[in-house]
Amino acid sequence: MQRLFPDERGHFDEFGGQFVPETLMTALEELVEAYEKYRDDPAFQDELAFYQREYISRPTGLYFAKKLTEHYGRAKIYLKREDLCHTGSHKLNNTIGQALLAKRMGKKRIIAETGAGQHGVASATAAALFGLECEVYMGEEDTRRQSLNVFRMNLLGSDVIPVTSGTKTLKDAMNEAIRDWVTNVETTYYLLGSVGGPHPYPMMVRDFQTIIGRETKEQIEKAEGRAPDFIIACVGGGSNAMGIFYPFIGTETRLIGVEPAGHGLESGQHGAPLSKGAKGILHGSLSYLLQDEYGQVLPAHSISAGLDYPGVGPEHSYLKDNTLAEYVSVTDDEALEAFRLLSQTEGILPALESSHAVAYIDKMIASTTKDDIIVVNLSGRGDKDVQVVAAALGVNL
Amino acid sequence: MAITRINRIDAVFDKLEEENRTALMPYLMAGYPDVETSLELLVAVAKAGADLIEFGVPYSDPLADGPTIQAAGEVALRNGVNTDTVFTLVRRARESVDTPVVVMTYYNTIYRYGLERFAQKAAESGVDGVIAPDLPPEEAAPWADAASKYGVATVMLVAPTSTDKRIERISELSKGFVYCVSLTGVTGARANLPSNLTDFIYRVRALTDKPLAVGFGISEPEQAKEVSEIADGVIIGSALVGLIGKAGGDCVEAARAYMSRIREAIDT
C-alpha cells in the first residue's frame, strides 16, 4: 500500500519539513526534483537493482532462527539478515542509492556524517565504487571509540574529519556536515545516513531502505504463507526500522520500534526521544527530540554508537502519534545479554544496534503463542562491536 | 503599541535613508563573556553608534554558525543563559537604550518556548524583531503570524543561492529589513568579501524595496565601508565576538573602540 506521506513539502502531518538555512533551500529543491525524476526512471531503477543484487548481495535471507525459537518455546522467530549485506549492515542500501543519484546530478564530491562508522564506511564504499570524492564527519569522541572504522574509511579512499564541537558525537558530526554543505553547496552532495534531516531525505532514505520490507513480505509469504504478527527493529535515526516497517504500515502486523534506554529511561542517560522526548527541531526536521525546557538539545547515551542520537526520523513520530507503530526501549545491559544469547544460540554476532531489537523478544515473547510469527530486523553484524562488548564485560583484549 | 515596535526598526532605516547613511548592526551573544558583561556590551555598542543590535540566543546546535560564535554560545550556555535570561537582559537594556534590538535564535528555541509565548515575551521585553536562520519561508507562517500579533518583526534571510522567485517571496515576508547572507557558508570573519557580492545585492535590490542588511564575513573597516556603498545595513558578528573574547577584562572598551572605527569607516 502506497501512502500519501509526506506531502510535497515533506510533512508527515506536523512532523518533518525543511528547517535549514536559506542557502540550502535551492539545493533541497534541486534534490527533490532530481529524486522525483529518477525514482520513476526505469534506467535508474535498473542500475540500482543491479547493484543491490550483484554488489550488496540482495536479497538478504529471512532466516528461521530455530534454536532461538526453541529457546523460548513460543512464537516462531525469523531474522532478516541485513548483517549479510556488503559492509555488514543495511546502510549500503541507502548509500548506493544516493550515490547513484549524486552521480546523475553531476556532483563529484560527497560528504557524510557518521556515529559508529557504519554509514561512514558505507558512504566511503559507495564513493570508491562510483569514483566520487568523499569526506566523512565523525565526532572526535567516536573516532577514538571506533578507530578501526576510521582506518577502514581511509583504506577506502575517504577522508575522516574529526569534529571537536559540542558533544563530539554523531549529533555534532551532522551539524558539521551541514556547515560543510552550506559552504560547498554548489559542488557537493550531502549523503545523509538516516531517515532524519530536511525533506526529501526522510522520504528518500526510507524509499531506498524499503527493499528490506518488500523482501521480507515476499519471503515470509513463501515460508509461512502469511504476513508476520510482529516486526521488531531498533530505532536510532530509524532507517532500518522504517525500511522494514514501510510495506506493513496499516496492516495487521504489529510494528515495534526499539529505542535505546541506555542506563535506563529514568536515568536521563538514554537515546529514546520517542519514549521520553518532546517535539522539536533538529537537523532540519520536526520530530520527537531529547531537549530541555528551553529547546537546548540534550546529549544521548547508548552503548551502541549507532543509536546514540537525541533525535529520530519524523515519520517515526508520525507513526507513533497515529499508533501505526509502537515504540519501546531496552537498556544497555539487556542489549548486551541479547548479544550473548544470539551469538551462542545461532552463531550470529549481532550489531549492538540490532541487539536492542533481539533483546525485546525476551520482553514480549510470553504474550505470544506457537502460532505467532515474529520477524526481527538484524540490521547489522556485531564484529565492529567486539571491543565495546569486551570492555562492557570487563575483558581485556 | 504593536505597531510602534516594528516602527522602531523602520524609523531607523527611514532616518538613515534621509541622512544617506548606512546602518551599523553589531551582533552580540547574550551571556558572553558573562551575563552582566554582555549587558554592558549591549549598552556600550548602542552608545558607540550602533543603529540596530542583534542579540544572539546561545544554542546547543548552531548549524549556521562558524567556530567563533559556536564557542561564544558554548560559554554562554555554561554561564546558564537561557531564553528567559535573554529577555531579561533586553528588558534591562531598555532602561538606558532605545536602539532597536533583534534577537537571533534558532527556531527550536522559539518552538519549544511556544510561538505565542515567545512573541509576547519578546514584545514585553522590548525586543523589536527576531531572526531565525534555520526558518525558511516554507515553514515560517506559524511563527510570523504569532510575531505580528505582538508587533515583533520577523526578519528573513536571502542567500546568494536563492532564486529570484525565492528572493521576491522572502522579501515580501520579511519585516523591518531583509538579511542578505553575503556568501555560501557559515558565520565568521573572512579575509576578503565574496567577489560576487555586489551582483548579489543588486539582484536583491531589483526585487524588493525593503532595506537590505548584509552579514557574514565582514570584519575590517574597509570591508564595512565597501558594503555600506551597496547596502542599507552592515552586520558585524564574529569579528566583534572574537574581539570580545580576546580582550578579556577590557572587552567593553575594546568593543566600543572597534565600533567607533567601523562607524567612522562607513560614515566617510
Side-chain angles (χ1 to χ4, degrees), chain A residues 7-11 14 16-30 163-167 171-172 174-188 197-199 277-287 289-299 310-311, chain B residues 57-67 70-71 73-74 77 80-86 105-114 118 132-140 142 156-163 165-167 169-170 174 178-188 216:
Chain A
D7 69 15
E8 63 173 24
R9 295 245 65 94
H11 293 112
E14 69 186 298
Q18 294 177 311
F19 297 87
V20 295
E22 171 61 21
T23 308
L24 295 178
M25 287 303 291
T26 302
L28 287 176
E29 281 175 9
E30 284 166 7
V163 174
T164 56
S165 57
T167 57
K171 158 179 98 73
D172 306 281
M174 209 155 158
N175 289 337
E176 213 50 43
I178 293 172
R179 291 182 186 116
D180 180 315
W181 199 30
V182 170
T183 308
N184 302 298
V185 60
E186 276 151 29
T187 57
T188 297
H199 179 64
K279 290 169 195 170
I281 292 119
L282 179 65
H283 299 141
S285 60
L286 202 163
S287 195
L289 175 63
L290 300 179
Q291 56 181 329
D292 72 9
E293 60 179 309
Y294 290 103
Q296 305 291 341
V297 179
L298 296 171
Chain B
V57 179
Y59 185 54
S60 55
D61 296 82
L63 50 77
D65 284 306
Q70 282 176 45
E74 283 179 24
L77 287 174
V81 173
N82 58 43
T83 314
D84 286 321
T85 323
V86 179
T105 191
Y106 287 86
Y107 186 53
N108 195 45
T109 59
I110 300 175
Y111 180 84
R112 180 68 167 146
Y113 202 84
F118 193 102
D134 58 348
L135 187 65
E138 282 80 356
E139 306 286 354
M156 308 283 295
L157 303 91
V158 296
T161 51
S162 306
T163 57
K165 205 173 134 194
R166 294 190 63 83
I167 293 174
R169 178 165 173 216
I170 292 166
S174 193
V178 178
Y179 191 127
C180 303
V181 177
S182 72
L183 45 78
T184 54
V186 293
T187 60
F216 285 41

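So that the names make sense, note that chain A is the first sequence line, chain B the second, and so on, each numbered from 1.
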Chain B contact via L286(A) - side chain, backbone, both or neither, heavy atoms under 4.5 Å:
side chain
Y106(B), Y111(B), Y107(B) screened by side chain to side chain contact (heavy atoms under 4.5 Å, CB included) with F19(A), the one that passes:
Y107(B)
Are E22(A) and V181(B) close enough, and set up right, to give a side chain to side chain contact (heavy atoms under 4.5 Å, CB included), and what steps lead you there?
CA-CA 9 Å; E22(A) 171 61 21; V181(B) 177; over 6 Å; no
Under 3.5 Å, side chain of T161(B) to main-chain N/O of T26(A), donor-acceptor pair present?
no
With no hydrogens and no angle check, is any side-chain donor or acceptor of E74(B) less than 3.5 Å from a backbone partner on G166(A)?
yes
Nearest-0.5 Å distance that lies between atom CZ in F216(B) and atom OG1 in T23(A)
6.5 Å
Side chain of E139(B), backbone of V20(A): donor and acceptor closer than 3.5 Å?
no
Between T83(B), V186(B), D134(B), D65(B), which shows the greatest number of heavy-atom pairs under 4.5 Å with chain A?
D134(B)
Contact check, side chains of L157(B) and P21(A), non-hydrogen atoms, under 4.5 Å
no
If only atom types and distance count, is the side chain of N108(B) paired as donor or acceptor with the main-chain N or O of G295(A) below 3.5 Å?
yes
Could you give the distance from OG1 (T183(A)) to CG (L183(B)), rounded to the nearest 0.5 Å?
8.0 Å
Any donor-acceptor N/O pair, S60(B) side chain to V297(A) backbone, under 3.5 Å:
yes
Among H199(A), E29(A), H11(A), which residue satisfies the side chain to side chain contact (heavy atoms under 4.5 Å, CB included) criterion with E138(B)?
E29(A)
Determine yes or no for a side-chain-to-main-chain donor-acceptor pair under 3.5 angstrom, with R112(B) supplying the side chain and D292(A) the backbone.
yes
Quick check for you: among P67(B), A159(B), P136(B), which has the greatest number of heavy-atom pairs under 4.5 Å with chain A?
P136(B)
Heavy-atom cut-off 4.5 Å, strictly under: side chain, backbone, both or neither for I110(B) against chain A?
neither
Working to the nearest 0.5 angstrom, can you tell me the gap between H283(A) NE2 and L63(B) CG?
6.5 Å
Ranked by heavy-atom pairs below 4.5 Å to chain A, first place among V57(B), T109(B), D61(B) goes to D61(B)
